[in-house]
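Down below is the structure, laid out as structure tokens.
Any value given below was found using the heavy atoms of this structure, including those in side chains, with hydrogens, waters and symmetry copies removed.
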Amino acid sequence: MSRRWIQNPNRCADEYLDGIEDFIEFARRHNPGATRIRCPCRRCNNTLFESIETVGFHLVRNGMIETYSIWNLHGEQVDHASSSNAPRVDNVEPIVDPNDQVMGIIQDAFPFASTNINQEGEDDVPTPIDSAEFEQYEKLLKNANQELYPGCESFSVLTAIMELMHRKIKYRMSNLCFDYFLGVFKRMLPTDNCLPKDHKHAQKVLHGLGLGYEKIHACKNNCMLFYKEHETLDTCPICNESRFKMTSQNRTTKIPQKVMRYLPLKPRLQRLYMSMHTATDMRWHKEKRVDDDVMRHPADGEAWKEFDRTFPEFAADPRNVRLGLATDEFNPYGVLNQHHSTWPIFAFPYNLPPWKCMKKEYMMTTVLITEDPGRSIDVYLRPLVDELKDLWTNGVRTYDKSTGRMFTLRAAVMWTVNDFPAYAMVSGWSTKGYMACPVCKEDVTSGWHAGKVCYLGHRRWLPWDHEWREKDKEFDGNTERRLRPREWSGDEILEQLNRLDFAPFGKTVSRTRPSTHLNWTHKPMFFELPYWSKLKLRHNLDVMHVEKNVFDTLVGTILDIEGKTKDTIKARLDLERMGIRRGLWMNRDSDKARRDLAFFSMKPNDKKEFLKFVSSVKFPDGYASNIARCVNVDGGKFTGFKSHDCHVFMQRLLLVGVRHLLPEDVVKPIMLLSRFFSQLTAKTLRRTDMFQLRHDIVQVLCKFEMIFPPAFFTSMIHVMVHLPEEALLAGPVNYRWMYPIERLLGELKKSVRNRAKPEGSIIEAWVQYESLTFCGINDPSLLLPHFWFAPPPSYLSPPSPPSSLSVRTSATSLPSPPLQPFRRRPPAASPPPCFGLSRIFAADFSLLRPPFRTPEMSDLIRRGRSMTTAPSSDPPAQSASAATAPAMLDHVVVGPGASQAPASSSSSVAQPPSARRRHRPTDTIDTTSTDGTGASGSQPGITTLLYC
């Protein structure tokens with residue numbers, strides 16, 4: 001039986017869907033009577049038991065593990081005599097005793113206890129530890145060897161506690177709830193059991209696996225930390241504020257005014273090499289990365305390569321860690337307290353392969369600040385910068401489990417990842433005012449338009465002899481003869497900062513800041529790192545927030561939404577002042593002035609039609625939120641859009657909806673902008689495509705300058721011109737945007753149990769999560785979510801041909817729970833759930849179809865294929881790939897009655913409210929593309945299927 005379908009990257013192919021059905025039948029046949037089976041999808045990784053329907057859905061949505069070609073966990077046995085030359089399947093983990101796994105965890109946490117350490121030289125032996133750490137090791141070893149109760153062979157004390165604590169974190173149980181169930185379990189077990197009686201005692205058992213944190217007192221006015229040489233002071237030497245709060249004289253303990261939590265970085269980096277599973281992956285960027293024109297990882301970027309050329313000694317050892325830093329604020333109280341904010345600072349290693357990099361399990365919280373520090377964030381960065389300096393200069397002795405030797409681990413920060421306000425705090429360059437662009441700096445073109453600062457002059461990036469440079473009335477009334485802004489090196493920036501005189505933190509400047517300060521607010525603490533001024537890229541522009549702000553500005557203007565549109569009365573008066581675009585001036589009748597609707601905004605009926613179209617679109621589960629809930633058709637606006645909603649809308653829906661509702665001159669740059677973000681945010685980038693995007697975005701911004709008023713060009717619109725250059729320097733965007741950080745902030749927010757002390761709750765929960773995640777390295781069934789052993793995605797490595805294995809099956813190969821007999825969905829039953837949306841626009845967006853298709857759905861798919869593959873006399877359609885300009889859609893018909901719509905119709909037929917149910921079947925779906933005039937044009941059409 002061929003299993004090539006497992007390697008098929010197209011999960012919509014009939015071969016793949018038929019293979020899933022064969023797998024389900026195979027599992028049912030070899031596990032008769034079982035109700036649940038292991039799920040071999042890439043996310044569950046054969047570690048979770050799910051029902052038949054859920055397994056089928058997971059295999060369609062996530063794909064099967066590409067190396068799982070021998071289904072030994074579902075009843076298949078390998079004939080070792082005939083398959084001795086077959087390659088080993090590394091993804092399938094053998095069944096290991098949980099108690100043996102716990103012993104492996106202890107040996108990883110305390111490498112000095114390993115018995116197979118290379119003893120050839122003194123440098124290869126782990127560094128001796130102190131008595132306190134040895135005492136922790138002995139306690140853990142005792143609990144690992146002690147039975148849960150006399151005669152229990154399945155669980156030791158440590159194994160049982162680890163299992164229970166993992167479930168506590170997974171289901172977010174409170175300490176009170178955990179204490180209750182722990183007491184119930186203790187009463188269920190024999191009376192002489194050794195199970196802890198409550199959560200506090202369970203934490204003491206796992207204390208040796210944790211890494212801990214430090215509390216550092218801070219000045220009330222953010223002047224300084226009571227740290228190192230200032231640790232013994234009781235008052236701040238800058239502002240003379242007391243270190244402690246005023247309390248009753250009878251109180252023996254002093255309460256500090258402000259506390260910062262610091263989690264040391266060195267032991268957390270050392271733990272990456274304490275496990276065989278991560279120690280080898282930390283060398284992936286050097287040993288297994290493919291060096292070609294495709295950028296799959298930050299190591300493929302020019303900044304990484306330039307760093308290697310500048311510091312060859314650091315690059316010589318691939319185990320040296322490259323770090324990224326990120327920070328953002330969140331409110332642990334939600335809507336209960338609008339003024340409180342918490343600022344964590346995260347570090348994440350870039351050495352890991354793409355399928356593990358930027359995952360929660362490998363992110364490290366280093367600093368937790370209790371309020372918005374503003375420009376005083378450098379005060380709180382002091383312990384982290386000191387440790388980073390020591391890691392660069394001296395390093396730290398670390399045991400490498402994969403080689404069994406000690407080595408000196410060094411680390412360097414490659415760049416920071418922040419949104420635009422945090423960018424100003426970390427970089428020291430203010431992102432407000434006339435010089436808000438941190439890349440152009442003082443060479444940016446800005447001016448005062450419609451009561452705010454706007455950023456124009458994008459013709460400076462055009463070739464010197466471009467015809468648009470000579471036009472004046474179409475732009476801002478002036479010709480453009482200037483060159484593009486210069487690039488500032490790190491040494492030039494450092495020299496400029498050294499000449500400036502900044503006020504100390506906590507003190508205000510009594511005089512106006514001199515013009516020589518430009519837009520600098522303070523000298524960043526990171527310039528104390530010896531290598532910081534040599535970096536090609538120090539701070540990243542966050543594409544997530546840039547895309548959201550661009551979407552809000554663009555959609556608010558073309559829909560003419562009050563409060564969001566940039567086409568205001570002030571913007572029209574500004575055009576009159578500049579003497580350009582007379583057609584957009586205020587319409588004055590006698591003593592009144594009226595603002596007519598601009599040609600780039602939709603008419604009221606068109607706007608209503610556009611909003612109805614958006615509210616009718618359905619997406620696959622997990623692909624996007626329910627955007628229909630954010631659409632107010634009667635009010636003519638969007639409400640409650642999240643960043644990811646804007647991301648999906650910008651790249652998938654925007655051009656489809658505005659294609660026939662706006663003039664062609666307005667639609668074309670919007671089309672280029674949508675394609676720009678679609679290609680820029682791809683998981684893999686080509687350098688040739690980035691060079692083309694660098695040219696395209698300049699064209700888009702220049703066309704926007706000819707369409708929209710100057711008030712349209714905010715700082716977020718301007719910084720788009722720098723995004724392709726940063727992609728060339730640092731590689732794919734998904735390693736440098738805020739989506740993983742925002743998700744992690746959401747997890748921290750949920751961990752607050754004591755609202756009186758939210759930061760304490762957060763840090764305690766995080767330390768506990770770190771220790772249990774370390775346990776999950778050796779026991780992947782405990783780790784949630786399961787990313788430690790996830791195979792690489794198909795886009796990172798081409799699928800290898802399946803090996804020829806001689807296998808024999810047995811109905812009694814594995815002791816699995818009884819499996820429920822598999823049944824197909826009967827045709828008369830309710831239709832399967834919505835799996836979403838086929839290729840809407842110029843992007844490779846695969847349709848996720850139900851794993852078990854009804855005859856009606858199969859007939860619908862065959863008709864859709866016949867529409868897209870039917871021969872015709874017209875020239876072949878242009879491929880809708882990311883490297884070619886996509887064809888424009890004339891209209892989209894969604895829902896029942898679509899087959900009655902005329903092919904040459906130029907208006908969107910929205911789905912009626914009665915048909916907007918999630919499981920409503922679709923009769924016929926058809927779309928047609930024209931040239932925008934209502935008749936068929938010369939441009940090839942694209943057939944689009946919307947499965948609802």
Side-chain angles (χ1 to χ4, degrees), residues 420 431-434 436-437 444-459 473-477 545-587 593-604 606-607 610-611 632 635-639 641 643 646 649-650 654-655 657-658 661-663 665-674 676-677 697 700-721:
F420 216 45
T431 54
K432 299 178 182 179
Y434 287 94
C437 178
V444 67
T445 301
S446 59
W448 188 263
H449 298 280
K452 61 181 180 180
V453 180
C454 301
Y455 307 88
L456 302 171
H458 298 101
R459 287 179 292 170
K473 296 298 182 183
E474 291 83 353
F475 290 90
D476 58 356
H545 286 95
V546 171
E547 187 178 29
K548 183 184 186 304
N549 283 273
V550 170
F551 172 83
D552 291 340
T553 301
L554 180 61
V555 174
T557 302
I558 63 177
L559 293 182
D560 197 27
I561 300 175
E562 184 179 359
K564 294 186 177 181
T565 180
K566 304 301 179 182
D567 182 30
T568 60
I569 295 178
K570 288 185 178 181
R572 298 292 182 90
L573 295 176
D574 184 64
L575 292 176
E576 294 185 23
R577 180 186 60 82
M578 300 173 66
I580 58 176
R581 302 178 204 171
R582 183 176 292 272
L584 294 177
W585 291 5
M586 297 292 292
N587 190 351
R594 184 178 70 256
R595 181 181 71 91
D596 295 334
L597 192 65
F599 68 94
F600 49 77
S601 298
M602 295 183 188
K603 299 178 181 179
D606 294 340
K607 181 165 64 172
F610 174 75
L611 295 174
N632 186 350
K637 60 181 180 180
F638 295 107
T639 56
F641 260 28
S643 297
C646 299
F649 202 108
M650 173 70 78
L654 181 59
L655 185 59
V658 305
L661 300 177
L662 292 175
D665 293 339
V666 180
V667 171
K668 283 185 176 180
I670 296 178
M671 175 190 70
L672 292 175
L673 181 64
S674 177
F676 169 79
F677 279 111
I697 191 58
V700 169
L701 292 174
C702 290
K703 289 181 180 179
F704 279 173
E705 286 191 26
M706 292 188 286
I707 296 172
F708 299 106
F712 178 84
F713 296 91
T714 61
S715 58
M716 289 289 99
I717 298 291
H718 166 74
V719 297
M720 287 193 297
V721 76

Correct closest heavy-atom pair for F600 and P709 would be CZ-CD, 3.8 Å
Any chance you could measure R595, atom CZ, to T565, atom OG1, to the nearest 0.5 Å?
6.0 Å
Any T714 side-chain heavy atom under 4.5 Å of N549 side chain
no
To the nearest 0.5 angstrom, please state how far the SG atom of C454 sits from the CG atom of D574.
7.5 Å
Could you state the interatomic distance from CD1 (I717) to CG (L456), rounded to the nearest 0.5 Å?
11.5 Å
Taking atom CD as the centre, does E474 end up with more than 12 heavy-atom neighbours from other residues, nucleotides or ligands that are less than 6.0 angstrom away?
yes
Do F599 and L584 pass the side chain to side chain contact (heavy atoms under 4.5 Å, CB included) test, and can you show the C-alpha distance, the side-chain angles, and the key distance before you say yes or no?
CA-CA 9 Å; F599 68 94; L584 294 177; 4.3 Å; yes
So F712 and F704, would you call those rings parallel, tilted or perpendicular, with 30° and 60° as cut-offs?
perpendicular
Of all the heavy-atom pairs spanning C437 and H718, show the shortest one and how long it is.
SG-NE2, 3.4 Å
Residue pair F713, H449: steps toward the side chain to side chain contact (heavy atoms under 4.5 Å, CB included) verdict
CA-CA 10 Å; F713 296 91; H449 298 280; over 6 Å; no
Spell out, as yes or no, whether a donor-acceptor pair under 3.5 Å connects the side chain of S674 to the backbone of M650.
yes
On a heavy-atom basis, the closest approach of A436 and Y455 is CB-OH, 3.1 Å
Surrounding CG of L597 (heavy atoms of other residues, nucleotides or ligands, distance under 6.0 Å), is the total greater than 12?
yes
Is any side-chain heavy atom of L575 closer than 4.5 Å to a side-chain heavy atom of P710?
yes
Within this structure, what is the OG1-CD1 distance for the pair T639 and I561, rounded to the nearest 0.5 Å?
9.5 Å
Distance check, rounded to the nearest 0.5 Å: K703 atom NZ versus F708 atom CZ?
12.5 Å
Any sub-3.5 Å donor-acceptor pair from T557's side-chain atoms to T553's backbone N or O?
yes
For F420, give me all partners under ring pair (Phe, Tyr, Trp, His ring centres under 6.0 Å), at least two apart in sequence or on another chain.
none
Are V550 and F677 side-chain neighbours, meaning at least one heavy-atom pair lies under 4.5 Å?
yes
Is the closest basic N to carboxylate O distance between R572 and D596 below 4.0 Å?
no
Residue R582 excluded, over 12 heavy atoms near CZ under 6.0 Å:
no
Please test K566 against K452 for side chain to side chain contact (heavy atoms under 4.5 Å, CB included), starting from the C-alpha separation and ending with a verdict.
CA-CA 11 Å; K566 304 301 179 182; K452 61 181 180 180; 3.5 Å; yes
Side-chain heavy atoms of L662 within contact of M602, under 4.5 Å
yes
Testing the basics here: between P669 and I707, what is the closest heavy-atom pair and its distance to 0.1 Å?
CG-CD1, 3.9 Å
Atom CG of L611 and atom CG of D606: how far apart are they, to the nearest 0.5 Å?
11.0 Å
Please evaluate residues I558 and V658 with respect to the criterion side chain to side chain contact (heavy atoms under 4.5 Å, CB included), reporting the C-alpha separation (whole Å), side-chain torsions for both, the decisive distance (0.1 Å), and the verdict.
CA-CA 9 Å; I558 63 177; V658 305; 4.1 Å; yes
Around K637, counting heavy atoms of other residues, nucleotides and ligands shown, do more than 12 lie under 6.0 Å from its NZ?
no
Does the distance from a Lys or Arg side-chain N to an Asp or Glu carboxylate O, for D552 and K548, drop under 4.0 Å?
yes
Please tell me if the side chains of L673 and L654 come closer than 4.5 Å, counting only heavy atoms from C-beta onward.
no
Would you please classify the geometry between the F638 ring and the F610 ring as parallel, tilted or perpendicular, with 30° and 60° separating the classes?
perpendicular
Identify the heavy atoms of L672 and V700 that sit nearest to each other, and give their distance.
CB-CG2, 3.4 Å
When you compare the side chain of S715 with that of T431, does any pair of heavy atoms fall below 4.5 Å?
no
What's the shortest heavy-atom distance between E576 and M586, and which atoms?
OE2-N, 3.0 Å
